[in-house]
Amino acid sequence: MKYQIADYSSKYELQWLECMKETFYSSLYFDTILKIKPRYENSLLELVALRGNRIVGFLDIESIPPTEQLCNENNENCGQITLLGVHPLYRRQKIATQLLHSAIVRIKKKNGIKRLEASFREDEGVHNWFLSMEFKQCEKYYEVSFSQDFFMKYGIDLPFGINPSILTGFVDQSGFRLLTTDHPPEKTFPYLIMEKLL
């Protein structure tokens with residue numbers, strides 16, 4: 001079935017949040033909670049997939065300068081896929097594919113962006129979908145989380161009197177190897193970074 005791909009507008013916000021909640025709850029992003037739709041300093045485009053008047057999918061792409069890019073291929077802005085999802089009741093109907101193809105057509109017409117990047121928690125199905133969309137892996141990194149108990153156990157003092165209940169950060173593969181040698185984090189999510197030339 002074909003779905004209508006439309007530009008996001010604020011009239012969709014409550015529906016968008018509902019779709020995002022259902023989408024992420026049934027994915028590796030189950031711990032992600034948003035109360036408002038993200039606003040972007042350099043939004044490239046924000047699309048929704050509609051079945052009638054109901055949002056069943058979404059795609060946000062932000063324009064990213066070279067200094068903030070994940071793969072850092074060149075000196076030009078790239079498009080970074082910040083959010084992409086399809087409601088669990090409507091999966092396997094090529095909605096994400098329609099969203100991405102529509103985004104690429106619009107980007108090529110207007111923006112002069114020549115590359116897309118995507119970063120996501122490692123998941124075989126998502127990875128395979130990006131490969132089928134001709135993305136290539138360029139990096140891997142890890143989201144790691146530590147609790148107060150961890151810092152107390154290892155006698156680690158944080159600077160500036162910081163005393164968080166949970167501290168979360170990101171490390172590359174070599175940093176992760178060093179970190180886990182002495183102090184394995186309490187929670188770890190591996191992330192893949194992929195890119196596609198337009």
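Because only heavy atoms are used, hydrogens play no part in the values below, and waters and symmetry mates are left out as well, while side chains stay in. Computed from a predicted model, the values in this text were never measured in an experiment.
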Find the distance between [atom1] ([X]) and [atom2] ([Y]) and round it off to the nearest 0.5 Å.
X	Y	atom1	atom2	value
I36	S10	CD1	OG	12.5 Å
I193	E122	CD1	CD	12.0 Å
M133	L131	CE	CG	10.0 Å
K196	K136	NZ	NZ	10.0 Å
K21	T23	NZ	OG1	11.0 Å
E134	L198	CD	CG	10.5 Å

Closest approach of [X] and [Y], non-hydrogen atoms and distance?
X	Y	result
M194	H127	SD-CD2, 3.5 Å
I113	G79	CG2-N, 3.4 Å
L89	Q93	O-NE2, 4.0 Å
L99	G85	CD1-O, 4.5 Å
A49	I95	CB-CG2, 3.5 Å
Q80	I64	CB-CG1, 3.4 Å

Just wondering, do [Y] and [X] contact through their side chains at under 4.5 Å, heavy atoms?
X	Y	answer
C71	E139	no
E13	Y8	yes
L83	P38	yes
L44	N77	no
K94	V86	no
D123	W129	no
Q15	V48	no

Applying the side chain to side chain contact (heavy atoms under 4.5 Å, CB included) test to L47, which of L84, D7, L100 qualifies?
-> D7
Does the pair E46/R106 count as a salt bridge with the N-to-O cut at 4.0 Å?
-> no
Is there a chain of hydrophobic side chains (I, L, V, M, F, W, Y, each step under 4.5 Å between heavy atoms) that links L45 to V105?
-> no
Is L14 reachable from W16 through a run of I, L, V, M, F, W or Y residues, each pair having side-chain heavy atoms under 4.5 Å apart?
-> no
Steps toward side-chain contact (heavy atoms from CB on, under 4.5 Å) verdict (I104, L116) = CA-CA 9 Å; I104 289 171; L116 290 179; 4.1 Å; yes
Over 60° means perpendicular and under 30° means parallel, so classify the ring planes of Y90 and H87, tilted if in between.
-> perpendicular
So F130 and F120, would you call those rings parallel, tilted or perpendicular, with 30° and 60° as cut-offs?
-> parallel
Using a cut-off of 6.0 Å, state whether more than 12 heavy atoms not belonging to R92 lie near its atom CZ.
-> no
Whether the side chain of [X] engages the backbone of [Y] through a donor-acceptor N/O pair (distance < 3.5 Å, no angle test) should be reported.
X	Y	answer
R51	Y3	no
Q137	L192	no
Q69	E76	yes

Could you pull out all donor-acceptor pairs under 3.5 Å where a side-chain atom in residues 52-62 meets a protein atom, sequence neighbours excluded?
residue: D60; atom: OD1; partner: K37; partner atom: NZ; Å: 3.4
residue: D60; atom: OD2; partner: K37; partner atom: NZ; Å: 2.7
residue: D60; atom: OD2; partner: Y40; partner atom: OH; Å: 2.7

Can S9 and Y12 be said to form a side-chain contact (heavy atoms from CB on, under 4.5 Å), step by step?
-> CA-CA 6 Å; S9 76; Y12 293 126; 3.8 Å; yes
